Number of protein chains: 2
Amino acid sequence: MKHLPHKTIERLSQYRRALLICASKGKTHIFSHEIAKIQHITPVQVRRDIMLIGYTGTLRKGYNVQELIDLIGDILDTHEGLNVAVVGIGNLGHAMINYFNGKRTKLSIVAAFDSNPDKVDRIFSGVKCHHIDQLPEIVKNEKISIGIITVPAGSAPEVSEKLVNAGVKGILNYTPKPVNVPKHIYLEEYDMITSLEKVAFFVKTHGE
Amino acid sequence: MKHLPHKTIERLSQYRRALLICASKGKTHIFSHEIAKIQHITPVQVRRDIMLIGYTGTLRKGYNVQELIDLIGDILDTHEGLNVAVVGIGNLGHAMINYFNGKRTKLSIVAAFDSNPDKVDRIFSGVKCHHIDQLPEIVKNEKISIGIITVPAGSAPEVSEKLVNAGVKGILNYTPKPVNVPKHIYLEEYDMITSLEKVAFFVKTHGE
DNA sequence: CATACGTTGTTAAATAATTAACAAAAAATT
DNA sequence: AATTTTTTGTTAATTATTTAACAACGTATG
């Protein structure tokens, strides 16, 4: 197992979540076509992904749910876990915190940052919000390695730079403004406006 | 110009936003490498995308900003515009409304839905929230063709079904729970947990 | 016991997306 | 006026991802 495709990584994360639900219902084995159905993809793709991570099911019984969960964990998780910070406690930042709060053991949002004095020192869904000027210090002390940017677009580049200088290794930018980071920082950008415009385009061209 | 690649559609949306900013600064022409720099992609990709939409720049002067904006508009927008509804006014739903409010002329969020009585009949950033039971009626009356799902994961399938039955043509699902829609409905799903786990994976394997 | 069936694992083919290569031509420079 | 530079447009090559094809084989069935 050398280089897992990016798309496979994404699907593994999704398989795991589906599998956790299955496990909680007492299901011990699952077929590729069952996983496929849940994720609405093809069974072949599921089998191929599972092949790539070197797991092997039992013929005619499918995959052992718990074993697969554990193996995906070995691949995706770090043993000690990773700490995450959210920068920008607007609605989106707050939504991110809610999403994760207490759900993952291996990824924890341990700090939030904002420049608005009304938000600083308040606690949002269990996560304390600090002033953004404290970012370098707290990122270092708390060993934060991933930053999520949910500030207004205009401030994204400056926040990104702060995060990089503070030593994070990965950035998730939810701002429509692309940011520049050094090559050694992993950057994932997601732009809600683009997504909606894409849906609109395909709605428009539907059936043409 | 027959089939534009999905990825090109996404980039066109992004180019346009960058171009609008340029235009507002009074810039009349732009080079492929300038666009590329903003989006941090390669100039070749920009030129190729622009070629695919059949536009042609002027040698050594680059592309006419306004013409390109207009042409991208012709491709992405519908003449009459499209109406959008947000289902689920938690932090994420609220964030979506804020993002779009008044910014796009061709895509308007015209209604919000929630089942929580505390939210029903209130106005969120200019968008009125209705009870989810009114969805079929309002979607029809307001000619809503796109639904954005921002409810808690568990309710996603049921909301999705409601939207489809009400007649929307496209769905944007921000829930980690995959939903099933008929083939003729365009579905885009985005899962924040997966994104973060993906970043975590690449942070983990960085340099291995 | 033999045959049919269902399901995995894997290789090969097809499709999609990116990147490279380079000709063409206008502007700038010598 | 010739040469160099810059930048577009396009085709070709490469890389990434998905899909198809099918052998292998255990289980069920007759």
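Keep in mind that the numbers below use all heavy atoms, side chains included, and drop hydrogens, waters and symmetry copies. Chain letters run A, B, ... following the sequence lines, proteins first, then strands; residues in each count from 1. The structure displayed is predicted, hence computed values, not measured ones.
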In residues 136-143 of chain B, what donor-acceptor pairs under 3.5 Å come from side-chain atoms, sequence neighbours left out?
none

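Between the side chains of A:His40 and B:Glu189, at least one donor N or O lies within less than 3.5 Å of an accepting N or O. Between the side chains of B:Tyr190 and B:Glu188, no donor-acceptor pair of N or O atoms lies under 3.5 Å. No hydrogens or angles considered: a donor-acceptor pair under 3.5 Å links the side chains of A:Asp70 and A:Gln66. Counting only N and O atoms by type, the side chains of B:Thr194 and A:Arg11 include no donor and acceptor under 3.5 Å apart. No side-chain donor-acceptor contact under 3.5 Å links B:Thr56 and B:Tyr63. Under 3.5 Å, the side chains of A:Tyr15 and A:Gln39 contain no donor-acceptor pair of N or O atoms.
Checking D:dT8, C:dT8, C:dA17 against every side-chain atom of B:Lys7, the shortest atom distance belongs to C:dA17. Which of C:dT19, C:dG9, D:dT17 sits closest to the side chain of B:Gln45 comes down to C:dT19. Counting only heavy atoms from C-beta on, A:Ser32 has its side chain closest to C:dT8 among C:dT10, D:dT18, C:dT8.
Following rounding to the nearest Å, A:Glu34 (CD) and C:dG6 (P) show an atom-to-atom distance of 15 Å. As rounded to whole Å, 12 Å separates atom C1' of D:dT17 from atom CD of A:Glu10. Rounded to whole Å, the distance from CG on B:Asn64 to P on D:dT8 is 13 Å. What separates NZ of B:Lys37 from P of D:dT7 is a distance of 14 Å, to the nearest Å. Rounded to a whole Å, the CE atom of A:Met51 is 13 Å from the C1' atom of D:dT17. Between A:His3 atom NE2 and D:dA16 atom P there is a gap of 9 Å when expressed in whole angstrom units. Put simply, CG on A:Leu4 is 11 Å from P on D:dT17, counting in whole angstrom units. Distance CG (A:Asp49) to P (D:dT19): 11 Å, rounded to an integer number of Å.
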Write out a two-atom table: protein N or O, nucleotide N or O from nucleotides 21-27 of chain D, distance below 3.5 Å.
unit_1	atom_1	unit_2	atom_2	d
D:dG26	N2	A:Arg60	NH1	2.4

Heteroatom pairs (N/O) under 3.5 angstrom, protein to nucleotides 12-14 of chain D:
none

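Between B:Phe202 and A:His6, the angle of the ring planes lies from 30° to 60°, which puts this pair in the tilted group.
Across all strands, A:Thr56 comes closer than 4.0 Å only to sugar-phosphate atoms, never to a base (heavy-atom distances).
Between B:Leu71 and the choices B:Ile53, B:Asn64, B:Leu76, the side chain to side chain contact (heavy atoms under 4.5 Å, CB included) rule is met once, by B:Ile53.
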